[in-house]
Amino acid sequence: MEIVRWTNAEISLKRRDAMTGATFRDTDEDEIRALFGLLKRKHGVRHEKDYRRNQIKKCKVTGESHRNWKERYVPGRNDPDFIALNCCGKNCLNKIDTKEELDDDLISFYSMGSKNEQDKHLQKLIELKSVERKRGRESTLITTRKPKLKTVQYYLLLNRKRIKVCKKAFINAHNVTPKRICRIANLLEKGEIPQDKRGKHPCATAISAEVCEKIHKHIASFAAKASHYTSDTRYNSSADLSVREMHRLFTQKYPEMDVKYQFYWQYFRANFSLSFGRPVVEACSQCESLKAK
């Protein structure tokens with residue numbers, strides 16, 4: 001396959017030709033990156049918006065249809081036609097004057113920029129009140145149900161008016177899961193603000209800073225001599241040593257730390273400029289005579 005590369009000057013000349021169509025134009029960055037891997041990205045530049053995890057996260061926030069990590073189709077949630085009006089015996093959603101108000105509320109909800117904004121908006125529409133009518137539970141009846149500690153009330157904000165609805169109507173109007181509403185209500189009871197913690201947990205297999213510090217001190221404890229005749233600063237250690245031997249000594253000194261040789265070797269390469277053995281160019285007669293004195 002032969003790739004033809006056009007310069008901007010050549011493209012501008014071909015535009016003047018009468019036989020040339022309007023397809024000759026300056027190629028933008030997105031088109032260059034879409035050449036099926038023919039052109040690699042610039043070193044050190046990351047396009048995080050193209051990462052699959054970020055695309056899935058964005059589709060969840062905007063309510064667009066997508067495929068999850070298991071390649072299963074997830075239908076969209078931002079379509080007002082999917083709002084179920086049947087909620088309870090009181091028909092909370094059917095009592096609303098116009099359905100356009102529900103449609104606008106759903107569209108504005110999924111047009112918010114992040115999940116944190118959506119959760120804060122939902123939390124403002126939830127109120128907690130004390131139980132007005134207490135029924136007999138464990139003290140008077142033989143039952144395993146826990147006593148009711150709070151009453152949760154849900155509202156819809158339509159045309160700047162708060163309309164009280166049931167829980168199912170609140171879920172259907174925003175097209176969210178009951179688990180999400182339960183989590184927001186529990187945070188409201190604790191006096192906490194919802195925070196999106198997806199992707200912010202520490203890696204379970206990551207090496208701690210304490211272990212890295214001990215590895216650094218262990219490698220630096222070996223005697224090394226600065227090189228004289230090299231362009232960069234390098235240090236030479238004993239020829240009897242090696243990275244494998246240093247790792248064996250480290251595991252003997254710290255048997256409780258499970259540090260693999262591969263990580264030890266990578267840390268050695270990234271943080272130390274150390275060679276094993278003395279190079280021939282270091283054998284200088286003047287240096288040896290000064291040492292002897």
Side-chain angles (χ1 to χ4, degrees), residues 1-12 14-15 20-83 103-123 171 173-181 183-184 187 192-209 212 260 262-263 265-267 269-271:
M1 179 180 179
E2 183 180 358
I3 303 175
V4 180
R5 302 179 183 272
W6 300 95
T7 62
N8 291 334
E10 293 174 341
I11 293 175
S12 60
K14 289 184 176 295
R15 283 175 178 166
T20 304
T23 58
F24 290 95
R25 57 180 177 81
D26 298 339
T27 306
D28 55 9
E29 181 181 358
D30 294 335
E31 292 176 345
I32 294 177
R33 287 166 49 201
L35 290 177
F36 305 100
L38 295 178
L39 297 178
K40 295 184 178 180
R41 66 177 178 87
K42 187 183 297 184
H43 180 70
V45 178
R46 297 189 304 176
H47 306 285
E48 295 187 357
K49 64 178 181 180
D50 296 335
Y51 292 171
R52 188 179 180 186
R53 65 172 183 269
N54 293 334
Q55 291 179 352
I56 294 176
K57 187 182 295 185
K58 181 182 177 181
C59 291
K60 287 182 178 181
V61 173
T62 57
E64 299 177 357
S65 59
H66 62 280
R67 291 192 176 275
N68 58 11
W69 288 101
K70 296 182 179 181
E71 295 297 335
R72 295 177 182 175
Y73 176 76
V74 179
R77 295 177 177 270
N78 57 357
D79 192 353
D81 295 334
F82 293 153
I83 298 178
D103 299 346
D104 296 340
D105 181 65
L106 181 68
I107 293 174
S108 62
F109 175 74
Y110 281 104
S111 62
M112 296 181 181
S114 63
K115 185 176 182 296
N116 288 332
E117 296 181 12
Q118 295 178 356
D119 290 345
K120 291 178 183 178
H121 174 73
L122 294 176
Q123 195 178 52
I171 293 174
H174 296 96
N175 211 351
V176 294
T177 59
K179 184 178 179 180
R180 183 175 179 180
I181 300 300
R183 168 180 165 270
I184 295 175
L187 292 175
E192 300 178 0
I193 300 176
Q195 293 291 335
D196 186 11
K197 298 181 180 180
R198 296 175 299 175
K200 297 181 181 179
H201 296 280
C203 181
T205 58
I207 305 297
S208 63
C212 293
K260 304 298 182 183
Q262 183 68 19
F263 179 80
W265 178 80
Q266 290 178 355
Y267 190 90
R269 289 288 302 273
N271 298 276

Legend entry - salt bridge (charged side-chain N to carboxylate O under 4.0 Å, His left out) evaluation trace for E192 with R183: CA-CA 11 Å; E192 300 178 0; R183 168 180 165 270; over 6 Å; no

Inset, instruction - Report yes if some heavy atom in the side chain of Q123 is under 4.5 Å from a heavy atom in the side chain of I184; otherwise report no. - result: yes

Inset, instruction - Would you check if L122 and I181 make a side-chain contact, meaning some heavy-atom pair closer than 4.5 Å? - result: yes

Legend entry - Within 6.0 Å of CZ in R72, more than 12 heavy atoms from elsewhere: no

Inset, instruction - Quick one: do K260 and W265 satisfy side-chain contact (heavy atoms from CB on, under 4.5 Å)? Show the steps, please. - result: CA-CA 9 Å; K260 304 298 182 183; W265 178 80; over 6 Å; no

Legend entry - Over 12 non-hydrogen atoms of neighbours within 6.0 angstrom of NZ in K57: yes

Inset, instruction - Mind telling me whether H174 and F109 have parallel, tilted or perpendicular rings, with 30° and 60° as the class edges? - result: perpendicular

Legend entry - Side-chain donor/acceptor of D196 to backbone N/O of N116, under 3.5 Å: no

Legend entry - Minimum side-chain heavy-atom gap Q55-H66 below 4.5 Å: no

Legend entry - 4.5 Å side-chain heavy-atom contact, N78 and L106: no

Inset, instruction - State, with a plain yes or no, whether a side-chain heavy atom of R77 is found less than 4.5 Å away from one of T177. - result: yes

Inset, instruction - Look only at the side chain of N68 and the backbone of E71, and say whether a donor-acceptor pair between them is shorter than 3.5 Å. - result: yes

Legend entry - Side chains of R67 and V74 in contact at under 4.5 Å (non-hydrogen atoms): no

Inset, instruction - Take Y267 and I207 through the test side-chain contact (heavy atoms from CB on, under 4.5 Å) and record every step on the way to the result. - result: CA-CA 11 Å; Y267 190 90; I207 305 297; over 6 Å; no

Inset, instruction - Return the minimal non-hydrogen interatomic distance between V61 and Y110, and the atom names on each side. - result: O-CD2, 3.3 Å

Inset, instruction - Establish, from distance only, whether the side-chain atoms of R180 and Q118 form a donor-acceptor pair under 3.5 Å. - result: yes

Inset, instruction - State the CD1-CG distance between I83 and D103, to the nearest 0.5 angstrom. - result: 5.5 Å

Inset, instruction - For the pair D119 (side chain) and P194 (backbone), establish whether a donor and an acceptor sit closer than 3.5 Å, ignoring hydrogens and angles. - result: no

Legend entry - Non-hydrogen atoms of C59 and S65 that approach each other most closely: SG-O, 4.5 Å

Legend entry - Residue pair K115 / R198, side-chain heavy-atom distance below 4.5 Å: yes

Inset, instruction - Check F82 against G76 and note the closest heavy-atom contact, atom names and distance. - result: CD1-O, 3.6 Å

